[in-house]
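Below is one structure; the comments refer to it alone.
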Amino acid sequence: MIFNLLRPGDDSVNTYHPSPADGPSAPAGCPAHPDAVRMHTEELQTDPAELYQRLRREHGPVAPILLDNDIPAWYVLGYRELHRVTSDPSLFARDSRRWHAWDYIPADWPLMPFVGYRPTMLFTEGAEHQRRAEAMYDALASVDQFELRAESERVADELIDAFAPSGRAELITDYVSQVPMRVVTRLFGLDPGVAAAIQRDTVEMVSATEGTMAAYQRVYDRMVALVAEVRSDPGMPGIPARMAEHPAGLTDEEIVNDLIGTVYASHQSTTDWIGNALRLMLTDERFAVTLAGGRRSVGQALNEVLWEDTPVPSFIGRWAAEDTVLGGQRIKKGDCLVLGLAAANADPSVRPDFQAGAAGNQAHMSFSYGEHGCPVPARELAEVISMTAIEVLLDRLPDVALAVPAEELEWRTSVWFRGVKALPVEFTPALG
């Protein structure tokens with residue numbers, strides 16, 4: 001077993017065992033779809049909008065794709081089709097053990113941390129998912145948003161103090177990437193040293209490299225130690241203690257895995273949400289007039305980013321519980337579906353026109369949808385952290401501006417995360 005990650009057969013509970021008729025002799029989809037698009041190619045990473053348009057023209061709202069190692073799957077890029085998939089968990093299920101392609105997937109597959117079954121609420125279904133989701137929902141909802149904002153302000157000020165006197169900074173490294181993890185780990189009751197280590201490992205986890213699994217194991221071990229500490233001291237404050245005390249009666253293993261999911265989701269996605277919004281505000285003339293102290297424009301930028309440059313453009317995945325038809329494609333039982341969140345947001349049938357003042361339109365799919373979508377309290381906490389990080393920065397450094405031409409900014413090349421690599425800025429030096 002790799003870092004507590006299960007392949008089919010490791011655990012007999014609720015495991016889907018395909019019969020020979022359920023899957024072909026090669027990974028499902030390869031023979032039938034020779035024109036399937038490789039998701040890990042440069043085209044998707046550098047010009048996703050153009051690729052989405054081509055996929056719609058050639059395949060419609062659901063397209064055949066190939067993941068790492070040419071493992072086939074379906075890419076759901078139509079808004080209505082994505083809504084259907086996320087609204088029907090009985091047909092488009094979350095338990096990855098339903099996948100009929102497991103025989104073709106190596107144990108060190110780069111996407112294993114995303115799809116390998118673990119006893120976390122992300123992979124549960126039905127009544128079990130409801131039990132786990134309620135515990136997580138209540139734990140996150142217990143966070144006082146006024147206290148969260150105050151904590152976010154303290155973290156933001158601490159980080160800005162370190163570079164304010166220099167008049168220059170690289171915001172992603174020096175600021176943006178550190179705010180979410182520092183705030184969340186404080187909500188967990190972790191000390192700064194452990195928080196910094198978890199941040200490094202989380203970055204490694206999302207990079208889908210050879211070090212991904214080792215990084216996951218380190219985060220897992222730290223969460224095991226945290227839960228043990230919570231169990232030994234029931235009076236401890238924070239999200240882990242709330243989960244341990246919840247009437248759902250979560251086991252240590254369940255809490256550990258759900259905490260890892262919370263850390264994972266809160267770090268990189270919130271980091272990219274903040275960074276992408278700052279990039280927009282520093283490069284788009286619509287925000288130039290209100291940039292200095294313009295608090296209303298911060299909310300507009302955050303919302304527009306969720307439509308235009310959502311931090312999680314693709315999410316794997318769902319697995320068909322039965323044969324069905326989706327977007328004109330025949331989906332077989334056990335097929336994997338990748339949620340094209342950014343592609344759905346770009347669907348011409350729903351795309352808002354921000355130039356026409358549609359900044360309040362929040363019908364995007366960036367948080368997914370349905371019972372397996374991002375919990376409402378988690379969205380609210382991420383928004384508080386993101387809004388505060390940007391507002392404090394603009395309040396402290398009102399004349400902050402890019403130190404390089406906008407066209408020199410680069411995006412991090414990843415199918416699963418979209419974020420600007422660096423934001424070098426300059427400003428009037430200020431006392432820390």
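Counting from 1, the numbers follow the sequence of the chain as shown. The shown structure was predicted, so the numbers you read here are calculated from the model rather than taken from an experiment.
Among the candidates Leu77, Ile316, Val76, the single residue satisfying the side-chain contact (heavy atoms from CB on, under 4.5 Å) test with Val338 is Ile316. Just one residue in the list Val62, Leu326, Val85 forms a side-chain contact (heavy atoms from CB on, under 4.5 Å) with Trp74, and that residue is Val62.
With hydrogens and angles disregarded, no donor-acceptor distance shorter than 3.5 Å links the side chain of Tyr79 to the backbone of Pro61. A distance-only check finds a donor-acceptor pair linking the side chain of Ser96 to the backbone of Val115 [under 3.5 Å]. The backbone N or O of Lys332 lies less than 3.5 Å from a partner atom in the side chain of Asp335, making a donor-acceptor pair. Not one N or O on the side chain of Arg168 forms a donor-acceptor pair closer than 3.5 Å with the backbone of Pro424. The backbone N or O of Leu423 sits less than 3.5 Å from a side-chain atom of Glu170, completing a donor-acceptor pair. Panel note: side chain Asp347, backbone Gly78; no donor-acceptor pair is recorded below 3.5 Å. Under the 3.5 Å distance criterion, the side-chain polar atoms of Arg132 are matched with a main-chain donor or acceptor of Pro119.
By the 4.5 Å heavy-atom criterion applied to side chains, Arg84 and Phe92 are counted as neighbours. Side-chain contact between Leu67 and Trp109 is present, with heavy atoms from C-beta onward closer than 4.5 Å. Between Arg97 and Phe123 the shortest side-chain heavy-atom distance does not fall below 4.5 Å. With contacts defined as side-chain heavy-atom distances shorter than 4.5 Å, the pair Ile198/His267 does not qualify. Counting only heavy atoms from C-beta outward, the side chains of Ile331 and Gln329 approach each other to under 4.5 Å. Within the 4.5 Å cutoff, the side chain of Val305 has no heavy atoms near those of the Thr310 side chain. Looking at heavy atoms from C-beta onward, Met112 lies out of side-chain contact with Asp108 at the 4.5 angstrom threshold. Annotation: side chain of Pro313 is not in contact with side chain of Trp416 (no heavy-atom distance under 4.5 Å).
Ring orientation note: the planes of Phe417 and Phe114 are tilted relative to one another, at an angle of 30° to 60°. The aromatic rings of Trp319 and Trp99 sit tilted relative to each other, their planes meeting at an angle between 30° and 60°. Aromatic ring orientation, His372 versus His129: tilted (interplanar angle from 30° to 60°).
With rounding to the nearest 0.5 Å, the separation of CE in Met136 from CG in Asp258 is 4.5 Å. In this structure, CG on Leu402 lies 5.0 Å from CG on Leu282, to the nearest 0.5 angstrom. Between the CG atom of Asn276 and the OG1 atom of Thr271 there is a distance of 10.0 Å, given to the nearest 0.5 Å. Atom CG of Leu302 is separated from atom CG of Leu280 by 9.5 Å, given to the nearest 0.5 angstrom. In this structure, the separation between CD1 on Ile390 and OG on Ser152 is 12.0 Å, given to the nearest 0.5 Å. For the atom pair CZ (Arg418) and OG (Ser314), the distance works out to 11.0 Å, reported to the nearest 0.5 Å.
We find that Arg149 and Glu391 are joined by a salt bridge, their nearest charged nitrogen and carboxylate oxygen being less than 4.0 Å apart. Ion pairing between a basic and an acidic side chain is recognised when a charged N comes within 4.0 Å of a carboxylate O; Asp272 and Arg412 show such pairing. Of the charged side-chain nitrogens involved, at least one lies within less than 4.0 Å of a carboxylate oxygen, so that Asp161 and Arg396 count as a salt-bridged pair. For the pair Asp138 and Arg242, the salt-bridge criterion is not met [side-chain N within less than 4.0 Å of a carboxylate O]. The pair Glu158-Arg186 counts as a salt bridge, with a side-chain nitrogen and a carboxylate oxygen less than 4.0 angstrom apart. The residues Arg118 and Glu254 are annotated as not salt-bridged, no charged nitrogen and carboxylate oxygen being separated by less than 4.0 angstrom.
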(request) Decide side-chain contact (heavy atoms from CB on, under 4.5 Å) for Val392 and Ile160; before the verdict, give the C-alpha distance in whole Å, the side-chain angles of both, and the deciding distance to 0.1 Å. (result) CA-CA 9 Å; Val392 171; Ile160 294 172; 3.8 Å; yes
(request) Assess whether salt bridge (Lys or Arg N to Asp or Glu O under 4.0 Å) is satisfied between Arg231 and Glu245, documenting all intermediate values. (result) CA-CA 9 Å; Arg231 292 295 195 190; Glu245 299 166 356; over 6 Å; no
(request) Test salt bridge (Lys or Arg N to Asp or Glu O under 4.0 Å) on Arg94 and Glu125 and set out the steps. (result) CA-CA 7 Å; Arg94 191 67 183 91; Glu125 300 172 359; over 6 Å; no
(request) Mind running side-chain contact (heavy atoms from CB on, under 4.5 Å) on Ile260 and Thr120 for me, showing each step along the way? (result) CA-CA 9 Å; Ile260 293 174; Thr120 171; over 6 Å; no
(request) Could you give me the CA-CA distance, side-chain angles and deciding distance for Glu50 and Gln53, then say whether side-chain contact (heavy atoms from CB on, under 4.5 Å) is met? (result) CA-CA 5 Å; Glu50 175 60 31; Gln53 293 177 11; 3.8 Å; yes
(request) Give the C-alpha distance, both sets of side-chain angles, the deciding distance and a yes or no for salt bridge (Lys or Arg N to Asp or Glu O under 4.0 Å) between Arg279 and Asp309. (result) CA-CA 10 Å; Arg279 184 205 68 84; Asp309 293 307; 3.4 Å; yes
(request) Show the numbers, then the answer: is there a side-chain contact (heavy atoms from CB on, under 4.5 Å) between Val263 and Met181? (result) CA-CA 8 Å; Val263 168; Met181 186 60 70; 3.6 Å; yes
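With hydrogens and angles left out, the side-chain atoms of Glu304 and Gln300 include no donor and acceptor closer than 3.5 Å. Defined by atom type and a distance below 3.5 Å, a donor-acceptor pair is present between the side-chain atoms of Asn345 and Ser366.
Surrounding CZ of Phe367 are more than 12 heavy atoms belonging to other residues, nucleotides or ligands, all under 6.0 Å away.
Annotation for Pro180 and Ile385: closest pair CA-CG2, 4.2 Å, computed over non-hydrogen atoms. Considering all non-hydrogen atoms of both residues, Ala321 and Ser90 come closest at CB-O, 3.3 Å. In terms of heavy atoms, Thr270 sits closest to Ala382 at OG1-CB, 3.9 Å.
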